[in-house]
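Along the sequence shown, residues are numbered consecutively beginning with 1. Counting convention: from 1, in listed order, for ligands and their atoms alike.
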Amino acid sequence: MNETPKKENIPLDPDKLYAALEEKIKNSGHPMDLGRIRAAYEMAKLAHAGQLRKDGCSPYVTHCVAAADISVDLGLDEDSICAALLHDVIEDTPLTHADIAHQFGAPVADIVEGVTKLTRVQYTSKEDEQMENLRKMLMAMAKDIRVILIKIADRLHNMRTMDYQTPEKQRTKSLETMEIYAPIAHRLGMQQAKWELEDLSLRYLDPTGYREITEALNARMPELEAFMSSVEEKIQTRLKSEGIKASIFSRIKHVYSIYRKMYAQKLDINGIFDLCAFRVIVDSLPDCYNVLGVIHDMFKPVPGRFKDYISTPKPNMYQSLHTTVIGTEGIPFEVQIRTWEMHHTAEYGIAAHWKYKMDGSSSVVRDGDEEKFAWVRRLLEDQQESDAQDFFHDLKIDMFADEVFVFSPKGDVINLPAGATPIDFAYSIHSDVGNHMVGAKVNGRIVTFDYVLQNGDIVEIRTSKSSPGPSRDWLSIVKSGSARTKIKQWYKKERREENVLRGLEMLEDELKHNELSLEDVQGEEIMTPVLKRLSYATPEDMYAAIGYGGVTAARVANRLRDEQKSAMAEKKSVLDRVSAAAERREERAKKEGKAVHGILVEGLDNCLVKFSRCCTPVPGDEIIGFITRGQGVSIHRKDCENYLRRTRDQVDAGRWIHVSWASQITDSYVTILTIAAKDRSGLVMDIATVLNSLNAKVRNLSARDNAGLALVNISLEVRSTAELRQIMNRLASVPSVTEVSRSGK
Ligand code: MN
């Protein structure tokens, strides 16, 4: 396990290494089929033949043996050791999953394939969230936890032999190890592996810092060792006298933990006192607490440093009592107290428990979905900590059933719903990528747009500026809501003109079924309420929506039809009301005779007056009277054409008489308006609607068409010129009206 390649580059002998591995397996106490393991070694050796390690001389297979060796240390099973020996053959040699499955069975082949997938993961340093994603993804990808354990063994050996890599590779691999593999080892409770991975990474990430600490530790080693053995002895003696059987170990803390402390507390190494840690391992749980009492009796505990991870285990199943005390020399040190079983879990984590179960049956991981991690669940059962649940969640890959994790070519992790396609991937990168997508590659091979992405796939999207944009079919292919929304948005925006035309066409078709044309429904009184009801700002928006499928043409057509029907009914009732009112007034006028009040005729009291038909004066108009033969006084406006013409007639000059309006006017007076307009459909309707809205008392309304020019005559009753002006102004604003005038002028 600890073979370190020599700087002088002496080639390692794989057969010798393998022989040592076999010895280790024999001594591990776990019966295994050595013939099968040797066959795996032979297969790997043959497959990697001619391939060298980065030291430039050792056969590549030495790395495979080393990974298998670490796997044995981790307590992995026979299948894992075969898989560790073969872990690089799918990636680096012509051998396939089928080849391995044929000779060693599907489980071994599956593990190797899993490791291969993890190996293909490219990686760039990213923010924490991305890292967490990546960790989750690695967990999820490894359908079998042994995949990750072997990957850690592989990484550990690669880190141990990193000296032969280029400085750049050393850095990126170390960063990756520090940010991904060490945390995974920690999560799985593999402290030993975690420490080694961290220290090896630090060596390349901050060589100066690393050297500073190791050199300082070496310089103080005699002093530290003397201190450790004296403390060990003191504790052991005392425990013996208390009748407690215990094994005591001491160690210097690992480099990276000292490094972190130095930086966190801004100290140099001489400022850090608790460089040593002690571990007391006992047989039973009650002994743990007994030992704690003894330690606290012997040394002064540092307040706030006691932690009981036995009653509240860490999420990674770690159990132990921790305390920091101050020795007689005034040097603080940490003591961890635990049982042997807890110790195994602390050192090897998941692997330890698995080794545990291994003795009985060899199929912990293959027991079917429910049983797969039942043992983990049992361990976690009594824990109330929420992050214990998180850990379980991470472990139990079935929980990821609704998610798939894939990679961009740059190594970004993209999390998509299960069943997602390259289209979902493209839109999750950016709408522009999706909208200009013309093709996709997965793991370097061209795939169809409906390819279902698998965990760990590396997805590459081909885009083109001249892409015609997303196809409508994509809407039924994509899995993520956001991709669907973005595709619809594109249709909404990018293809507006096309959508408007398309929508208009579809609507016209639909209207035809209802025996309507677009013209029938384009009036404001129909369109406005429909737009409001369907929430569109303009008719074009609505047509566009029909075009891109935001609303069906049938729905819009039905609304328009309904609105058109009720508008027609409304107009008919306006006309009916206007003409009914006119008739009533005509009759009343007949009954009342021609006598009209409100006119004062000079010198004549209460005489008969009538209003001329030519100029129809109303109160407010300047007026003049004409004494008729036998019909009383006829009232004209002073600007009446007839009056102006006839005043020049000397014969009748004496018959003009001064008249004026009474100060109190209670009646209304009939007058006539003429409207000139460009003829259009609905003109008369619109005029009638205006009159109705002003409550004008219309006696008669007639229209005639003269070569595209419409002339509308309205006879109506008003009380004053002011009222009349208001009506005329409103009529003038009716679309296509060019002039509103009073007759007689
Ligand atoms: Mn490898």
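Listed by chain and residue number, nothing satisfies the side chain to side chain contact (heavy atoms under 4.5 Å, CB included) test with Leu52 (two or more places apart in sequence, or in another chain).
At a threshold of 4.0 Å, the pair Asp79-Arg36 counts as salt-bridged, since one of the basic side-chain nitrogens sits closer than that to a carboxylate oxygen.
Each protein N/O/S atom under 2.8 Å from the Mn ion (ligand 1) was counted, for a total of 4.
Side-chain polar atoms of Asp199 and Tyr210 form no donor-acceptor pair below 3.5 angstrom. For the residue pair Glu168/Gln170, the side-chain donor-acceptor check at 3.5 Å is not satisfied.
Using cut-offs of 30° and 60° on the angle between ring planes, the pair His343 and Phe249 is parallel.
Figure legend: Arg53 and Tyr60 shown as a cation-pi pair, the cationic atom lying under 6.0 angstrom from the six-membered ring centre and within 45 degrees of its axis.
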